[in-house]
> 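Sharing a structure with you now.
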Amino acid sequence: MTVTRIAYSDRLNAGKYTALVEQASRLGRVRSLVWQRYGSIAGVGSGLTDRQVRDRWLADGTHVQFGVLANAWKETVRDAMADVAANLASAKVEVRRAITRRTTDPVERKRMFTALKADRWAVDPFLARQMRKHWKRGRNRTHDQIVVRADQHNTVTDARGRLWLAVPGLQRRKMVKIPLSSTVAPTGTLRLMLRGGRVEVHYQIDASQMRSSLRPCGDRTVGVDKGYTEALTDSDGGRHGGRHGGRHGGRLGQLLSSESDRLKERNRRRAKLRSIANTAAGRGDHAKAHRIRSNNLGTVKRERQAARHRARVRTEIFTAVHRVVDKAATVVAEDLTKRIAGRKRLGKNVNRRLAAWTKGVTAEALTNVSERRGSALVHVNAAYTSQACHRCGRFGRRSGDRFHCTACGVVWQADMNAAINILQRAGDPDIALHTPHHKVRQILRDRTDRHRTRLPVQDSSPATAERRANNPNRSAMSN
């Protein structure tokens with residue numbers, strides 16, 4: 001397993017940055033051409049590879065128009081084709097879920113899964129219809145990146161201990177030397193991202209070299225629920241919010257709330273300045289409008305602040321996941337890659353605070369940390385885990401961080417209640433990972449009705465017990 005590390009340029013010469021921007025712009029046109037020609041059914045879907053694309057362009061002379069070195073555009077083609085393949089794989093995930101919803105026949109499911117995996121879905125009407133629905137032609141929006149092959153760059157340290165990275169420029173045998181703020185030389189294939197006059201050098205290292213990968217995992221099975229004030233709450237009641245987490249957590253919620261309030265105030269001021277600039281331009285004072293736009297409505301500082309905020313949030317979430325894995329050999333969590341359907345419309349302030357992108361970071365952290373440290377991650381269906389009581393299974397009322405069960409007459413901590421339900425869901429033979437939410441609701445209601453009327457639990461019959469033994473819950477697990 002590999003992880004990505006980032007090194008930053010330090011006081012880079014403006015002329016060098018301009019040359020890199022021009023090179024990235026030309027390579028962006030290469031990416032756009034790849035998406036235009038091969039980002040549809042006739043491209044990767046027909047088995048076309050990046051090497052075949054390169055051979056075609058070399059044969060018909062398409063490469064002449066790029067104006068960059070051969071290694072540069074070939075690496076860009078490889079990277080863009082990988083993006084197209086990832087776009088196709090993402091569409092197939094949605095189609096697999098549609099297959100699961102469509103039929104329960106294992107033979108029919110296997111046939112459709114096999115056809116989808118082998119890219120023979122065009123002959124099946126249902127699969128073809130689903131692929132047309134979920135696989136949309138993409139469009140390149142990347143014009144600020146340069147991919148450098150591992151054997152095309154080198155590093156050197158000067159007499160003052162400063163590290164310099166030399167990468168190919170637009171002309172043959174003329175390297176662009178970039179001063180780095182790091183003392184660790186980047187290795188392998190590099191991705192240069194040009195943002196606001198600074199170069200970010202992204203590279204990958206072996207995860208086994210990291211100190212955190214050497215930390216042993218625990219020996220228990222723990223359920224976790226994603227929260228807002230804390231990154232994670234486990235089934236033992238532990239609240240993990242990052243560096244200042246522990247049992248009382250809250251660090252993540254403070255970060256998200258403060259950033260939301262700052263963005264609201266900053267955008268209000270920017271809107272007022274934009275209105276002044278538009279008014280000035282309307283009455284003919286274009287000099288004033290230009291001064292306001294160039295000095296007060298730029299994006300460089302805004303993007304750097306956003307990047308720092310994202311880095312802090314990632315640190316808090318990864319730290320929380322490490323604390324969970326410290327005591328868990330198996331982590332049971334909901335599938336955070338699924339979209340939440342049917343949620344009621346929320347206000348702008350609430351949407352900013354919920355910060356939906358943190359859901360993806362949490363999913364990445366759970367997968368990454370579990371794999372590196374040797375724990376098992378089990379995904380379960382989390383439908384109604386926040387709305388049902390973990391003790392009696394009946395639906396209750398949730399208000400903020402409190403869950404009130406009207407049947408038990410007990411008020412639980414809401415996230416802990418959901419985490420316990422998620423833990424119990426791992427051993428549930430009737431609720432699989434992709435069971436539709438309306439069926440989950442009906443299963444839960446049937447169970448509580450049987451308990452209330454004191455009827456025998458039908459799920460405990462010998463036939464059902466044998467079915468459970470032969471068909472355990474197929475929850476997605478990654479080791």
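The chain is numbered in sequence order, starting from 1.
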> Would you call the rings of Trp135 and Trp121 parallel, tilted or perpendicular, taking 30° and 60° as the class edges?
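Perpendicular: the ring planes of Trp135 and Trp121 meet at over 60°.
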> State whether Arg26 and Glu22 are salt-bridged, where the test is any N-O pair (Lys NZ or Arg NE/NH1/NH2 against Asp/Glu carboxylate O) under 4.0 Å.
yes
> Do the charged groups of Arg195 and Glu200 touch, with an N to O distance under 4.0 Å?
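Salt bridge present between Arg195 and Glu200.
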> For Thr62 and Arg56: C-alpha separation, side-chain torsions, deciding distance, then whether side chain to side chain donor-acceptor pair (under 3.5 Å) applies.
CA-CA 8 Å; Thr62 303; Arg56 285 188 181 187; over 6 Å; no
> Are the side chains of Val440 and Arg425 in contact, using a 4.5 Å heavy-atom criterion?
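They are in side-chain contact.
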> Could you check if a side-chain atom of Arg372 sits within less than 4.5 angstrom of a side-chain atom of Val3, using non-hydrogen atoms only?
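Contact flag for Arg372/Val3 side chains = yes.
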> With distance as the sole test, does Gln152 use its side chain to make a donor-acceptor pair with the main-chain N or O of Arg149 at under 3.5 Å?
no
> Between the main-chain N or O of Pro216 and the side-chain N or O of Arg373, is there a donor-acceptor pair closer than 3.5 Å?
yes
> Salt bridge or not for Arg31 and Asp79, using N-O below 4.0 Å?
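Yes, this pair counts.
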> Can you give me the closest heavy-atom contact between His63 and Trp73, atom names plus distance?
CB-CZ2, 3.5 Å
> Counting only heavy atoms not in Arg215 (residues, nucleotides, ligands), do more than 12 fall under 6.0 Å from its CZ?
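Above 12, so yes.
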> Run the salt-bridge test on Glu364 and Arg314 with the 4.0 Å N-O cut-off and return the result as yes or no.
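Yes, this pair counts.
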> Should the heavy atoms of other residues, nucleotides or ligands under 6.0 Å from NZ of Lys327 be counted, would the total exceed 12?
yes
> Is any side-chain heavy atom of Val321 closer than 4.5 Å to one of His240?
no
> Any heavy-atom pair between the side chains of Leu165 and Val199 that's under 4.5 Å?
no
> Would you say that more than 12 heavy atoms from the other residues, nucleotides or ligands in this model lie under 6.0 Å from the CZ of Arg173, or not?
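Atom CZ in Arg173 is not crowded, with 12 or fewer foreign heavy atoms closer than 6.0 Å.
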> Return the minimal non-hydrogen interatomic distance between Ala122 and Ala128, and the atom names on each side.
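Smallest interatomic distance, heavy atoms only, reads O-CB, 4.0 Å.
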> Asp285 and Arg291: salt bridge (charged side-chain N to carboxylate O under 4.0 Å, His left out), yes or no, with the steps?
CA-CA 10 Å; Asp285 193 352; Arg291 287 195 304 271; 5.4 Å; no
> With heavy-atom distances below 4.5 Å as the criterion, would you say the side chains of Thr299 and Arg302 are in contact?
yes
> Determine whether Tyr38 and Val53 make a side-chain contact, defined as any pair of heavy atoms from C-beta on separated by less than 4.5 Å.
yes
> Tell me whether Arg51 at atom CZ has more than 12 heavy atoms from other residues, nucleotides or ligands lying less than 6.0 Å away.
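Count not over threshold, so no.
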> Can you check side chain to side chain donor-acceptor pair (under 3.5 Å) on Ser181 and Asp10, steps first, answer last?
CA-CA 5 Å; Ser181 59; Asp10 181 30; over 6 Å; no
> Determine, stepwise, if the pair Arg191 / Gln145 fulfils side chain to side chain donor-acceptor pair (under 3.5 Å).
CA-CA 7 Å; Arg191 185 184 300 273; Gln145 295 185 19; 3.0 Å; yes
> Using a 4.5 Å cut-off on heavy atoms from C-beta on, say whether the side chain of Met416 contacts that of Phe403.
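Side-chain contact under 4.5 Å: no.
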> Working to the nearest 0.5 angstrom, can you tell me the gap between Ile205 CD1 and Arg5 CZ?
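Taking CD1 in Ile205 and CZ in Arg5, the distance rounds to 4.5 Å.
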> Between CG of Asn13 and NZ of Lys177, what distance do you get to the nearest 0.5 Å?
13.0 Å
> Counting only heavy atoms not in Arg270, do more than 12 fall under 6.0 Å of its CZ?
yes
> Please identify which of these residues, Leu180, Thr155, Asp158, Ile178, meets the side chain to side chain contact (heavy atoms under 4.5 Å, CB included) condition with Trp164.
Asp158
> Show the numbers, then the answer: is there a side chain to side chain donor-acceptor pair (under 3.5 Å) between Arg293 and Asn278?
CA-CA 10 Å; Arg293 292 193 179 101; Asn278 292 338; 3.0 Å; yes
> Would you give the length of the straight line joining atom CG of Leu263 to atom CD of Glu265, rounded to the nearest 0.5 angstrom?
11.0 Å
